[in-house]
Undergrad: 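Can you read through this structure? Questions will come right after.
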Protein chains: 2
Amino acid sequence: MRQRRPTLEQVARHAGVSRATVSRVVNGSPTVAAEIQEQVAQSVRALGYVPNHAARSLVTQRANSFALVLPEPSTRVFSEDQFFPALIRGISQELEPTEIQLVLMMATSPASHARITQYVLAGHVDGAMVASMHGADPLPMALSDTGVPVVVNGRPLAHCRVPYVDVDSTGGAERAVRHLIDRGRRHIATIAGPQDMVAGIDRLAGYHLGIDGTGQRPIVAPGDFTRESGETAMRHLLETHPAVDAVFAASDLMAHGAIRALRGAGRRVPDDVAVVGFDDVDLARYVDPQLTTVRQPIGDIGRAMVRQLVTMAAGGEVEPAVILPTTLVLRESA
Amino acid sequence: MRQRRPTLEQVARHAGVSRATVSRVVNGSPTVAAEIQEQVAQSVRALGYVPNHAARSLVTQRANSFALVLPEPSTRVFSEDQFFPALIRGISQELEPTEIQLVLMMATSPASHARITQYVLAGHVDGAMVASMHGADPLPMALSDTGVPVVVNGRPLAHCRVPYVDVDSTGGAERAVRHLIDRGRRHIATIAGPQDMVAGIDRLAGYHLGIDGTGQRPIVAPGDFTRESGETAMRHLLETHPAVDAVFAASDLMAHGAIRALRGAGRRVPDDVAVVGFDDVDLARYVDPQLTTVRQPIGDIGRAMVRQLVTMAAGGEVEPAVILPTTLVLRESA
DNA sequence: TTGTAAGCGTTATCAT
DNA sequence: ATGATAACGCTTACAA
């Protein structure tokens with residue numbers, strides 16, 4: 001059997017003071033005599049007292065926890081890269097110095113969407129982060145409607161006033177294309193991501209921005225961020241546009257697929273066709289040739305989301321969007 | 001401002017019954033007249049009542065949540081494969097039908113170890129899962145000492161009575177070696193994992209088991225599960241044992257590193273040297289040649305841990321060890 | 001500066 | 001079958 005933890009009451013008796021005083025000491029109130037403070041501190045140590053979370057949040061009306069909501073589809077798409085762990089690591093780091101705990105909620109089934117909403121609505125958490133790749137996801141808004149602070153990863157597509165943290169996908173993609181142009185490439189294609197996801201949309205927009213005004217014609221092949229789709233798209237591209245001499249893939253996985261297709265077709269990378277990816281997952285350094293790619297600071301996304309949420313939970317206002325920079329990492333493939 | 005949720009009291013007034021009755025209905029007690037049950041249910045819906053977690057667990061002394069504790073070193077080592085996300089997915093799936101929430105705690109700093117212990121000790125969770133790759137980690141035992149149910153992923157090295165869930169690494173490794181022998185390989189080396197981790201130890205033990213009695217001499221090169229270490233180890237192996245015609249790497253990442261080294265040395269895989277990995281991460285299907293490897297059911301580990309914990313939290317006894325099977329997946333590299 | 005006491009929203013033990 | 005009522009452990013006016 002699990003023995004009951006000592007309560008404030010017991011510490012108070014042990015220290016010969018009132019419950020209120022112990023509470024003050026525990027919570028670091030300055031209005032306690034140094035002498036008594038030490039007295040109480042000793043009793044706390046002696047009895048191994050630890051405040052009861054439930055009791056505390058019952059009276060303070062705060063849960064001291066944030067939820068991280070992961071709609072399953074997104075985690076599946078991004079399964080092979082380190083997005084998910086890296087995001088969590090960033091969040092944890094930022095949460096570390098606070099007393100705030102992280103509650104993980106995966107929306108594995110349709111029913112769980114409702115369950116999550118219920119949970120958040122019940123006031124079990126002081127705020128929620130939604131790692132939603134599908135910009136039209138109604139979940140963030142649904143949560144936000146319950147009055148709980150919510151921040152999303154990735155610009156929401158649906159018209160909604162939920163603050164978000166995103167990376168400069170458009171800028172990164174544009175820079176990638178510029179780089180290809182600067183290297184003298186004249187037939188630059190893109191393998192786009194799914195157009196129901198912000199990441200897919202923005203990276204394609206960046207491609208167009210880079211191509212515009214150069215006199216080159218845009219060449220777009222659809223993909224869904226997976227390696228298979230990249231391989232298929234590249235094969236198709238080689239058939240329809242045999243002159244293609246560069247490709248910007250909207251994900252490293254697709255870039256890898258493209259490289260496989262190119263190798264299969266006997267084209268050398270980057271000699272015949274240059275390839276640039278997006279994400280900078282570990283894999284990028286291990287494909288042959290090493291991948292030139294656009295890096296996004298995943299951990300920073302998590303950290304920024306926490307910072308936003310902390311501000312909001314404290315009743316403060318936050319900017320509706322935080323956009324983190326992306327950087328072009330030059331390696332061998334372009 | 002966030003409006004306060006309605007309380008039992010208000011629902012009771014709305015339905016014209018007592019607080020106790022509402023509580024009974026909410027908790028599905030059978031001792032309520034069907035008529036009143038419906039009455040109350042309607043009021044609950046009308047007011048949008050959701051039970052207050054803190055109040056409930058204050059009186060029931062249960063938190064309705066489990067902690068997943070991740071000592072940072074392990075997550076770093078396993079960063080590139082999908083161990084961490086897959087584990088969490090399995091846990092979430094098993095937790096889904098229960099009302100139990102998952103609290104994630106990363107031990108990012110030395111100080112956080114203490115913080116985690118404190119938190120668990122405070123009774124904030126009903127049980128803790130520790131994803132501890134380093135078998136000698138004192139954390140599980142420390143947590144267990146607080147009286148909270150604890151279950152570990154991976155057999156603990158330190159002498160301690162914490163129940164654990166592990167996969168049959170030894171058996172998997174042995175099968176891999178047997179397979180190489182069956183294919184006529186005569187100089188089978190292994191690239192071992194770190195010997196302070198159970199996974200490293202067991203996979204090496206399995207290798208020895210497979211080699212024993214075949215008349216072959218064991219050839220062991222040390223590694224640390226990373227691709228770099230695999231590449232280095234393989235290069236070294238080629239120098240010291242040029243006759244080597246097969247290699248069992250204790251991780252897919254190391255196997256990939258080995259393949260790179262082999263290719264660099266002009267050896268063909270599997271023609272000159274067969275390679276078998278361990279883990280079956282996504283990458284295994286995408287390296288060239290596709291990797292023959294030992295698959296471990298990561299999601300099942302998570303699910304099993306939850307099942308153990310649920311039993312323990314309910315006061316039941318669990319077997320001290322659950323060992324899940326591994327399977328040899330045949331592809332191209334061996 | 002310290003103590004007293006009134007809740008916070010539930011569940012559970014009694015009576016009825 | 002239902003309703004009072006007493007906890008559960010803590011914070012926080014308010015009093016002293």
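Numbers restart at 1 for each chain; the letters A, B, ... are given by sequence-line order, proteins then strands.
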Undergrad: To the nearest Å, give me how far apart NE2 (B:His53) and C1' (C:dC8) are.
TA: 15 Å

Undergrad: So which nucleotide from C:dG3, C:dT10, D:dC10 ends up closest to the side chain of A:Thr21?
TA: C:dG3

Undergrad: Specify the residue among A:Arg62 and B:Val32 whose closest nucleotide of DNA chain D lies further upstream toward the 5′ end.
TA: B:Val32

Undergrad: For B:Val306, run the side-chain contact (heavy atoms from CB on, under 4.5 Å) check against B:Val165, B:Val151, B:Ile91 and tell me which one passes.
TA: B:Ile91

Undergrad: When you check the phosphate oxygens OP1 and OP2 of D:dT11, does a side-chain N or O of A:Thr60 lie under 4.0 Å from one of them?
TA: no

Undergrad: Salt-bridged, B:Arg307 to B:Glu319, with N to O below 4.0 Å?
TA: no

Undergrad: Apply side chain to side chain contact (heavy atoms under 4.5 Å, CB included) to B:Arg155 and B:Ile323, showing your working.
TA: CA-CA 9 Å; B:Arg155 175 166 53 86; B:Ile323 310 296; over 6 Å; no

Undergrad: Would you indicate which nucleotide in C:dT10, D:dT11, D:dA4 comes nearest to any side-chain atom of B:Leu8?
TA: C:dT10

Undergrad: Verify side chain to side chain contact (heavy atoms under 4.5 Å, CB included) between B:Asn52 and B:Thr7, making sure each step is shown before the conclusion.
TA: CA-CA 8 Å; B:Asn52 180 305; B:Thr7 72; over 6 Å; no

Undergrad: For a quick test of reading the model: is some side-chain N or O of B:Ser18 closer than 4.0 Å to OP1 or OP2 of D:dG3?
TA: yes

Undergrad: NA contact type, A:Val26, heavy-atom cut-off 4.0 Å: base, sugar-phosphate, or nothing?
TA: nothing

Undergrad: Please lay out, stage by stage, how A:Gln39 and A:Glu35 fare under the test side-chain hydrogen bond (donor to acceptor under 3.5 Å, both in side chains).
TA: CA-CA 6 Å; A:Gln39 173 94 315; A:Glu35 197 176 311; over 6 Å; no

Undergrad: Under 4.0 Å between any heavy atoms, over every strand shown, what does B:Val11 touch: base, sugar-phosphate, or nothing? Just pick one.
TA: nothing

Undergrad: Rounding to a whole Å, what distance do you find between A:Arg19:CZ and C:dC8:C1'?
TA: 13 Å

Undergrad: Would you mind classifying the nucleic acid contact of B:Ala20 as base, sugar-phosphate or nothing, using non-hydrogen atoms under 4.0 angstrom?
TA: base

Undergrad: Could you tell me how far apart B:Leu58 (CG) and C:dG9 (P) are, to the nearest whole angstrom?
TA: 12 Å

Undergrad: Does A:Thr31 reach a base, just sugar-phosphate, or nothing at all? Heavy atoms under 4.0 Å.
TA: base

Undergrad: Whole angstrom is fine here: how far is it from CZ in B:Arg56 over to C1' in D:dC8?
TA: 15 Å

Undergrad: Separation of B:Glu9 atom CD from C:dC8 atom P, in whole Å?
TA: 10 Å

Undergrad: Counting heavy atoms from C-beta on, name the nucleotide in D:dG3, C:dT2, D:dG9 closest to the side chain of B:Val17.
TA: D:dG3

Undergrad: Starting at the 5' end of DNA chain C, which residue's closest nucleotide do you reach first, B:Ala54 or B:Arg24?
TA: B:Ala54

Undergrad: Measure the distance from NE2 on B:His124 to P on D:dC8 and round it to the nearest whole Å.
TA: 19 Å

Undergrad: For A:Gln10 and D:dC8, what is the distance between atoms CD and C1' respectively, to the nearest whole Å?
TA: 13 Å

Undergrad: Choose from D:dC10, C:dG9, D:dT5 the nucleotide whose nearest atom is closest to any side-chain atom of B:Val59.
TA: C:dG9

Undergrad: Check the distance between D:dT12's C1' and A:Asn27's CG and give it to me in whole angstrom.
TA: 11 Å

Undergrad: Does A:Pro30 or B:Pro51 map to a spot on DNA chain C nearer the 5' end, using the closest nucleotide for each?
TA: A:Pro30

Undergrad: Going by the side-chain contact (heavy atoms from CB on, under 4.5 Å) test, name the single residue among A:Val148, A:Val69, A:Val162 that passes it with A:Leu143.
TA: A:Val69

